[in-house]
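Data block below; observations after.
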Amino acid sequence: MSFSTEWLALREPADHAARNKDLLAAIATYFAGRSDLAVTDLASGQGSTLRAVAPHLPPGQSWTLVDYDEALLDSATRLGAGDTVEISTQRADLSDDVASVLALPTDLLTTSAFFDLVSKPWLTQFVKQAAKRKLPVYAALTYDGRMTCAPHDEHNAAAVAAFNRHQRHDKGFGPALGPTAPETAQRLFEAAGYKVMLGPSDWKLGPNDAELQRQLIGGWHDAIAELKEIPAAALAAWHAARLAAIDAGKAELMVGHQDLWAFPA
Ligand SMILES: C[S@@+](CC[C@H](N)C(=O)[O-])C[C@H]1O[C@@H](n2cnc3c(N)ncnc32)[C@H](O)[C@@H]1O
């Protein structure tokens, strides 16, 4: 799956506003007083997690951003995260090369908007490798299947259900965990001896987020159309009604996410 720099830039402010503040505070406390922290950010995109987390960690950090998209890694380096953070990048396909990435010297593993793309076998292996090295893990903004749209439309519920089914399709790692990812991750980390904190990081989008809403609805429309479950006319009516509400400044959208902070007990 590929993600454009424009899309990741558009969602970054909403992601930063949504990130669970209790979890960020817990991470800050865990690493307080440490120096020379090394962080590895998996599926980094152009560095949203780096910019969200670095201010909560002691100065003098070095981050390795890992993604298979060279353009996103280049953009991440350009955007940076201030003078006190050293950034390097590593291009890797995490679907078949997670072990070598986890072998990098690191104090913390981070990721965001990623665990819902992976499969249960992949996440099981990931947790096993992280546990072997006793590495704490922060995984933010994992979609949890909750989504509500206002104003009411008769097709909203069918559209959300179809989108959630599409989320389980293979995104390059085998059948995706989709909305089951937060709960699955919690169970796997706890079984591996981690203490786990899970907290909501929902997007609550309104008239000021018109372009983000437009793009989301467009993406969901295309995903749902691929399934061919909802009659084309009904899907088109839902799409048109959502866009009209956005244009009229009346659309609200809640997208449920969970953040996870897991550290060896
Ligand atoms: C939804 S984006 C999230 C990006 C970033 N973490 C953020 O929150 O803005 C998912 C990221 O996963 C990366 N990705 C997807 N499949 C991958 C794979 N097999 N190996 C490495 N990166 C992958 C994409 O390139 C993209 O940057």
Side-chain angles (χ1 to χ4, degrees), residues 1-20 23-24 27 39-54 56 63-81 87-104 108-123 125-126 129 137-144 163 166-179 181-182 185 201-203 212 215-216 218-220 222-223 255-261:
M1 283 194 88
S2 68
F3 297 82
S4 70
T5 51
E6 292 78 14
W7 165 245
L8 294 182
L10 183 62
R11 63 173 288 172
E12 184 165 324
D15 283 342
H16 281 208
R19 281 176 190 263
N20 189 288
L23 265 63
L24 286 170
I27 294 167
V39 185
T40 302
D41 186 35
L42 303 171
S44 65
Q46 54 187 349
S48 180
T49 290
L50 156 73
R51 283 179 292 281
V53 175
H56 297 272
W63 283 67
T64 304
L65 307 185
V66 182
D67 204 288
Y68 66 180
D69 188 323
E70 193 86 60
L72 294 181
L73 291 175
D74 287 348
S75 179
T77 307
R78 271 195 309 276
L79 291 168
I87 301 170
S88 60
T89 61
Q90 179 166 329
R91 192 173 177 201
D93 183 344
L94 292 166
S95 66
D96 67 7
D97 187 20
V98 80
S100 74
V101 170
L102 294 194
L104 293 168
L108 167 65
L109 296 171
T110 61
T111 191
S112 57
F114 180 60
F115 271 6
D116 41 38
L117 303 182
V118 306
S119 62
K120 189 169 180 194
W122 188 92
L123 193 59
Q125 273 312 310
F126 172 81
Q129 306 263 355
V137 177
Y138 169 60
L141 296 153
T142 308
Y143 178 57
D144 68 5
F163 177 70
H166 188 276
Q167 288 296 96
R168 302 299 308 268
H169 286 204
D170 190 341
K171 308 285 190 292
F173 296 82
L177 283 166
S201 52
D202 302 343
W203 279 348
L212 181 54
Q215 301 257 345
L216 281 167
W220 294 340
D222 295 350
V255 182
H257 300 118
Q258 299 289 326
D259 291 355
L260 171 143
W261 164 231

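Whatever order the structure lists them in is the order used to number ligands and atoms, beginning at 1. One-based numbering along the sequence shown. Just so you know, these numbers come straight off a predicted model, no measurement behind them. Just so it is clear, the values below take in all heavy atoms, side chains as well, and ignore hydrogens, waters and symmetry mates.
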Under 3.5 Å, is there a donor-acceptor pair linking the side chains of Asp41 and Thr110?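 There is such a pair (donor and acceptor under 3.5 Å, judged by atom type) between the side chains of Asp41 and Thr110.
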Do Thr49 and Ser112 pass the side-chain hydrogen bond (donor to acceptor under 3.5 Å, both in side chains) test, and can you show the C-alpha distance, the side-chain angles, and the key distance before you say yes or no? CA-CA 7 Å; Thr49 290; Ser112 57; 2.6 Å; yes
Any idea which protein heavy atom is nearest [atom], and the distance to it?
| atom | answer |
| --- | --- |
| atom 12 (O) of ligand 1 | Ala43 CB, 3.3 Å |
| atom 8 (O) of ligand 1 | Ser112 OG, 2.6 Å |
| atom 20 (N) of ligand 1 | Leu94 N, 2.9 Å |

Taking non-hydrogen atoms only, is [X] closer than 4.0 angstrom to ligand 1 via side chain, backbone, both or neither?
| X | result |
| --- | --- |
| Ala140 | neither |
| Ala113 | both |
| Ser2 | neither |
| Leu72 | side chain |

For Leu24 and Arg19, work out which heavy atoms get closest and say how close.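 Between these two residues, the closest heavy atoms are CD1-CB, 4.1 Å.
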Return the minimal non-hydrogen interatomic distance between Ala176 and His169, and the atom names on each side.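 Looks like CB-O, 3.1 Å.
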Could you tell me whether a side-chain N or O of Asp144 sits under 3.5 Å from a main-chain N or O of Pro179, the two making a donor and an acceptor?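 Judged by distance alone, no pair lies under 3.5 Å.
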Please determine whether any non-hydrogen atom of Asp93 lies less than 4.0 Å from an atom of ligand 1.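 Asp93 counts as a contact of ligand 1 under the 4.0 Å cut-off.
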Is ligand 1 less than 4.0 angstrom away from at least one heavy atom of Ser44?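 A heavy atom of Ser44 does come that close to ligand 1.
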Within a 6.0 Å radius of atom NZ on Lys120, are there more than 12 heavy atoms belonging to other residues, nucleotides or ligands?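 No, not enclosed.
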Closest to atom 26 (C) of ligand 1 (judged by heavy-atom distance), picking from Tyr68, Trp7, Phe3, Phe114: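 Selected option, by shortest heavy-atom distance: Phe3.
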Of the listed options Asp67, Asp69, Leu50, Thr5, closest to atom 24 (C) of ligand 1 (non-hydrogen atoms):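 Residue with the shortest heavy-atom distance to the ligand atom: Asp67.
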Contacting atoms of ligand 1, where contact means under 4.0 angstrom from a heavy atom of Ala92: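 So the answer, numbered in order with elements, is 20 (N), 21 (C).
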Distance filter under 4.0 Å to Ser48 heavy atoms, resulting ligand 1 atoms: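 Answer for ligand 1: 7 (C), 9 (O).
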Could you give the distance from OG1 (Thr64) to CG (Leu109), rounded to the nearest 0.5 Å?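 The distance works out to 10.5 Å.
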Distance check, rounded to the nearest 0.5 Å: Leu108 atom CG versus Ile27 atom CD1?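 Separation between the atoms: 6.5 Å.
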Any idea how Trp122 and Phe114 line up, ring-wise: parallel (<30°), tilted (30 to 60°), or perpendicular (>60°)?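 Geometry flag for Phe114 against Trp122: perpendicular rings.
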